[in-house]
Each structure stands twice: as structure tokens, then as C-alpha cells.
Amino acid sequence: MPPSRPSARTQGGLAAVLALIAGYVDSYGFLNYRVYASFMSGDTTQTGLQAGQRRLAEAGHNLLPIPLFVIGVFLGTLITHSGLRHPLRWLLALVAALLIIDMGAVYLGAADWLSIAILSLAMGMMNSALSRVGGQSISLGYVTGGLNNVGRHLALAVKRAPLADAQGQSDTHGRRAALLAGIWLAFVVGALLAGAATPSFAVRTLLAPTLVLLALAASIRFPLAD
């Protein structure tokens, strides 16, 4: 018998954990390399700004994560749509493996660009792990879109507008706003934790998200939503 689909509550919990990891790795990457591994809007802005000021080496430095993130999303999507029995478990295990590789590369004294590439690839793959919670589309590392949807759902909740694609009586604009706000808050908490840990633990800061991802990969048994 195939495993049952996860509830929106279960999906929301997983989304919050993954958003926390995205914020954590983003904060770690920015503190060490002055680039974002997950927040591509920030890298895009910095690339354009530095190119406009003719600081081309710095612009290239901030451009590097973007294609690697896209490649990560591409590979992650291939995995989630593969014939593997538990694609989400494989995907999260691969993201954890990339973080382990990065820690090893830093320990061996590899160039910064290699770590930037590995972290961006990992976050791109992780971003493809979960794109919906119930009927609500989400993006784990794109906080601007999430906050935009929070404001939109709150406005429609005030107007008592019906939710066109409601997944049940409890699925309302207010609940979706709360879900998206919770994912945003998890991202902020992840960034806060990495900001506090990185000065003391250096590359070992990545041990925490690696262990969480491995635990998720070992325990998750439900399939991905279509």
C-alpha cells in the first residue's frame, strides 16, 4: 500500500525546518564569503550594483551563486520527479552530503569560490524539496514573495473574501497568512542562530544543519506532493 499524503500541518512543519536551514546557511555564507547561498535576490542586487560601479571582480563573485543555485533547483527537480521510492529522502541526504563536502573542502584550505559553489548548489537542491503546503505555494528562500503573500492574505481575510482553492473549512486566508509568516520567522531564526554560532565555531557551524537534514532523510516516509 502506498504511503498516505502528508497533512498540511506536517508539510508546514517541514517547510519551517527547511526555511530555518536556508536562513542558517545564508547567514553562514554571507558572514564568510559576502554572498548568499539561498537568497538570490540579494546576490542579483549586489551583482548589478557592483557591475554598475565597475567593480567587476566583486560582481563576478556575487554572480557565481546564481547559476549554481539554478543548477541545484534543476537537479533537485529531476530527483523529485524521478522513479525513486522516496525522492525527498534522497534529496535531503544529498543536500547534507554537499554540506559535508563543503566542510571538508574548507578544512583542506580550498578556495572560497568552491565553497560558494557547493553551498549554492545545495540550497538550490533543497529549495526544490517542497513547493506547496496544502494549497499554498511556497519558496523556502524567497522571503519577499512570502511576505507579499502574507500581506495579500491578510487583506483578503479582513475583507472576508472566500479562498478560491480552499482545502477544507479550516483553510482560510488568515491561516495561510499565519503559515507564510511562520516560514518567514523560521528563516530569520535560522539566520540568527548561524550569526551567533559562526564566530565561535567557524566551518563547524554547518554541522547543525547537516545533522538535521540527515535526521529528516532517515525519518521522512511520506511522498512529495504533486
Side-chain angles (χ1 to χ4, degrees), residues 10-40 42-43 61-62 64-65 68-69 71-73 75-76 79-80 84 86-130 138-143 182-222 224:
T10 300
Q11 289 179 322
L14 176 61
V17 172
L18 296 181
L20 187 147
I21 292 173
Y24 189 100
V25 175
D26 244 10
S27 181
Y28 169 85
F30 188 79
L31 283 172
N32 284 283
Y33 310 115
R34 289 296 182 266
V35 300
Y36 299 103
S38 179
F39 183 53
M40 293 300 107
D43 289 324
H61 182 78
N62 283 280
L64 176 61
L68 271 297
F69 183 86
I71 292 170
V73 173
L75 295 174
I79 292 170
T80 60
L84 294 170
H86 296 293
L88 183 54
R89 297 174 71 174
W90 281 98
L91 181 59
L92 297 180
L94 285 171
V95 175
L98 285 170
L99 296 185
I100 292 170
I101 290 170
D102 180 64
M103 286 187 282
V106 172
Y107 180 78
L108 294 173
D112 287 356
W113 67 263
L114 181 59
S115 285
I116 293 170
I118 292 171
L119 293 177
S120 301
L121 182 67
M123 291 300 96
M125 293 180 69
M126 194 181 77
N127 197 67
S128 66
L130 194 63
I138 63 165
S139 181
L140 300 172
Y142 179 47
V143 295
I183 293 173
W184 170 83
L185 181 61
F187 191 96
V188 174
V189 170
L192 182 154
L193 292 174
T198 299
S200 299
F201 296 102
V203 71
R204 289 177 296 165
T205 303
L206 292 179
L207 279 173
T210 300
L211 293 174
V212 172
L213 286 165
L214 289 173
L216 288 172
S219 60
I220 286 177
R221 299 189 182 280
F222 58 76
L224 287 162

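Atoms considered below: every heavy atom in the structure, side chains included; atoms not considered: hydrogens, waters and symmetry mates. All values derive from a computational prediction rather than experimental measurement.
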Of all heavy-atom pairs between Ala191 and Ser27, which one has the smallest distance, and what is that distance?
O-OG, 3.0 Å
Only counting residues at least two apart or in another chain, list the ones meeting side-chain contact (heavy atoms from CB on, under 4.5 Å) with Ala186.
Ala16, Ala19, Leu20
Report the distance from atom CG of Leu14 to atom CG of Leu130, rounding to the nearest 0.5 Å.
5.5 Å
Under the side chain to side chain contact (heavy atoms under 4.5 Å, CB included) criterion, do Leu64 and Val35 qualify, and how do the steps go?
CA-CA 9 Å; Leu64 176 61; Val35 300; over 6 Å; no
Taking every non-hydrogen atom, the tightest pair across Thr80 and Ser128
CG2-O, 3.7 Å
Going by atom type alone, with no hydrogens or angles, which donor-acceptor pairs under 3.5 Å involve a side-chain atom of residues 102-119 and a protein atom two or more places apart or on another chain?
from	atom 1	to	atom 2	distance (Å)
Asp102	OD1	Ser115	OG	2.7
Ser115	OG	Tyr33	OH	3.3

Test side chain to side chain contact (heavy atoms under 4.5 Å, CB included) on Val189 and Tyr24; report intermediate values, then the result.
CA-CA 8 Å; Val189 170; Tyr24 189 100; over 6 Å; no
Quick one: closest heavy-atom pair of Ser219 and Ala215, and the distance?
OG-O, 2.8 Å
Determine, stepwise, if the pair Gln11 / Ile138 fulfils side chain to side chain contact (heavy atoms under 4.5 Å, CB included).
CA-CA 11 Å; Gln11 289 179 322; Ile138 63 165; over 6 Å; no
Separation between CG of Leu185 and CG of Leu192, rounded to the nearest 0.5 Å
10.0 Å
Atom pair CZ (Phe39) and CZ (Phe187), whose distance is rounded to the nearest 0.5 Å:
7.5 Å
Quick check: closest heavy atoms across Ser120 and Tyr36, and the distance to 0.1 Å?
OG-O, 4.3 Å
Nearest 0.5 angstrom please: Ile100 CD1 to Leu214 CG, how far?
5.5 Å
I'd like to check Val188 versus Val143 (side-chain heavy atoms, cut-off strictly below 4.5 Å). Are they in contact?
no
Quick one: side chains of residues 87-96, donor-acceptor pairs under 3.5 Å with protein atoms, not counting sequence neighbours, listed by atom name and distance.
from	atom 1	to	atom 2	distance (Å)
Arg89	NE	Ala217	O	2.8
Arg89	NE	Ile220	O	3.2
Arg89	NH2	Ala218	O	3.2

Side-chain heavy-atom pair Met126, Val25 within 4.5 angstrom cut-off:
no
Any chance you could measure Leu99, atom CG, to Leu211, atom CG, to the nearest 0.5 Å?
10.5 Å
Please report the shortest heavy-atom distance between Gly195 and Pro199, naming the atom on each side.
O-CD, 3.2 Å
Heavy-atom side-chain proximity of Leu216 to Leu18 below 4.5 angstrom
yes
Derivation of the side chain to side chain contact (heavy atoms under 4.5 Å, CB included) call for Phe69 and Asn127:
CA-CA 9 Å; Phe69 183 86; Asn127 197 67; 4.0 Å; yes
To the nearest 0.5 Å, tell me how far Leu68 CG sits from Met123 CE.
12.5 Å
